[in-house]
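What follows is a short report on a single structure.
We number each residue from 1, following the sequence as shown. Whatever order the structure lists ligands and atoms in, that order sets their numbers, starting from 1.
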Amino acid sequence: MSYVLGHNQYGKAEVHVVRVFRDDPDAPHELVDYNVSVSLTGDFDDAHTSGDQAKVLTTDACKNTVNAFAKEAGDAVREPESFAVALADHFIEVPQVSAARITVDAVPWVRSHGHAHAFVKNGDYVRTATVTRTADDTSVVSGLKELTVLKTTDSEFHGFYQDKYTTLQPTNDRIMATAVTAQWAHDGADIGTGIDWGKAFDEVLDAITGSFAAAYSYALQHTLWEMGTAVLDAVPSIAEVRFSCPNKHHFVVDLSPFGVENNCEVHHAADRPYGLIEATIKRSEDVDMSSAYDPGQAW
Ligand SMILES: O=c1[nH]c(=O)c2[nH]c(=O)[nH]c2[nH]1
């Protein structure tokens, strides 16, 4: 029997590193809070099929590298994308590595009361970055997750396909809520020219929240389209944006048994199940950024 080893990758997941910038004794402290994962692909068949670990860079060394680079990578540490690029550039130099993928979850901390060294965690969202480096190519995907948004009206859902199991009543007025996961891939040509990652992130965040608020919605799918086109309008270097958005259903509670009118005022916020609406919005038909995403990702 000759079985075949398929795609494999390995590395250290979730190295949680917090870097304080405190070089100038007179300046307020700054900090970044990153959960970093390293995933390496390459000539690692022997590690699996014969148990020979000669080519395996230990995941422990991957963890050590993340921690050391949090100091050694200088200003690149300040943005998750540039930190991930610095790490990927390092790991691709290991001869047996053909692709290095670095993912960073960045928790935002905001200065508290203008204080020089006190911060409050901003729980509004987690910022993400995924950098994939091969010998001759670097792809950068920025993103966010856990951005929960809600609007109390300007959302309808009707005219949908009906089969014998369809019981949902059409509505012209409902709450729409979701927790946005979004990932946007930067055009390869623009990465080398030095994108201002922080500015691009702020512009995308503003485009997503602004279009969610402003767009009149006929479905969460329709809102994803509006958010995606707003992102592409806002930042020219973005080639495509992917969304994964649970429909956080809010059902109007029937208060008629109590003789009480309920004009979309009292809702049951359902936990599960939830609709899961996912879409990619691309700048053109030719855009194919699939290699920029982890094949292990579910979407
Ligand atoms: O925005 C929505 N999209 C759907 O596909 C759907 N399906 C459903 O039951 N409610 C909704 N809402």
Side-chain angles (χ1 to χ4, degrees), residues 123-128 141-185 203-235 238-258 260-285 287-290 293-294 297-299:
D124 290 352
Y125 59 84
V126 173
R127 183 173 162 185
T128 62
V141 176
S142 306
L144 57 76
K145 58 186 181 183
E146 299 167 25
L147 173 70
T148 303
V149 288
L150 178 151
K151 60 197 293 180
T152 51
T153 189
D154 284 359
S155 167
E156 305 187 14
F157 189 65
H158 49 77
F160 41 81
Y161 179 79
Q162 309 253 351
D163 71 0
K164 68 175 181 172
Y165 299 113
T166 303
T167 58
L168 186 74
Q169 294 302 303
T171 177
N172 294 310
D173 194 1
R174 66 174 184 174
I175 282 181
M176 171 168 283
T178 186
V180 179
T181 297
Q183 293 193 90
W184 49 96
E203 288 168 349
V204 171
L205 178 61
D206 188 61
I208 290 174
T209 54
S211 56
F212 180 87
Y216 197 98
S217 177
Y218 289 97
L220 186 50
Q221 289 91 328
H222 185 214
T223 296
L224 261 54
W225 172 257
E226 295 290 337
M227 295 194 299
T229 55
V231 168
L232 295 176
D233 282 347
V235 182
I238 294 175
E240 65 159 49
V241 53
R242 297 182 176 200
F243 290 102
S244 180
C245 293
N247 192 355
K248 292 178 146 311
H249 303 297
H250 287 67
F251 297 112
V252 176
V253 179
D254 181 9
L255 299 179
S256 62
F258 323 118
V260 176
E261 192 188 28
N262 186 5
N263 181 27
C264 295
E265 295 157 294
V266 179
H267 300 79
H268 168 62
D271 176 20
R272 61 192 68 172
Y274 50 87
L276 183 61
I277 314 297
E278 303 183 296
T280 302
I281 295 95
K282 309 199 288 185
R283 198 166 284 282
S284 80
E285 198 57 54
V287 171
D288 177 10
M289 307 299 289
S290 45
Y293 295 86
D294 192 331
Q297 276 178 257
W299 60 281

Item to complete: Mind checking side chain to side chain contact (heavy atoms under 4.5 Å, CB included) for D254 and listing every partner two or more places apart, or none if nothing turns up?
Response: S256, P257
Practice prompt. Classify the angle between the aromatic ring planes of Y218 and H222 as parallel (below 30°), tilted (30 to 60°) or perpendicular (above 60°).
Written response: tilted
Discussion item. I need the full list of ring pair (Phe, Tyr, Trp, His ring centres under 6.0 Å) pairs touching residues 262-284, with sequence neighbours left out, sorted by first then second residue.
Written reply: none
Kindly print each ligand 1 N/O atom paired with any protein N/O atom under 3.5 angstrom away, one pair per line, or none if nothing qualifies.
residue: ligand 1; atom: 1 (O); partner: R174; partner atom: NH2; Å: 2.8
residue: ligand 1; atom: 1 (O); partner: L220; partner atom: N; Å: 2.7
residue: ligand 1; atom: 3 (N); partner: Q221; partner atom: OE1; Å: 2.9
residue: ligand 1; atom: 5 (O); partner: Q221; partner atom: NE2; Å: 2.9
residue: ligand 1; atom: 12 (N); partner: R174; partner atom: NH1; Å: 3.1
residue: ligand 1; atom: 12 (N); partner: N247; partner atom: ND2; Å: 3.2

Discussion item. Applying the side-chain contact (heavy atoms from CB on, under 4.5 Å) criterion to L224, which one of S211, S244, C245 satisfies it?
Written reply: C245
Worksheet item: Does atom CD of Q162 have more than 12 heavy-atom neighbours, drawn from other residues, nucleotides or ligands, at distances under 6.0 Å?
Response: yes
Worksheet item: Can you list the residues that meet the salt bridge (Lys or Arg N to Asp or Glu O under 4.0 Å) rule with E156, with sequence neighbours excluded?
Response: none
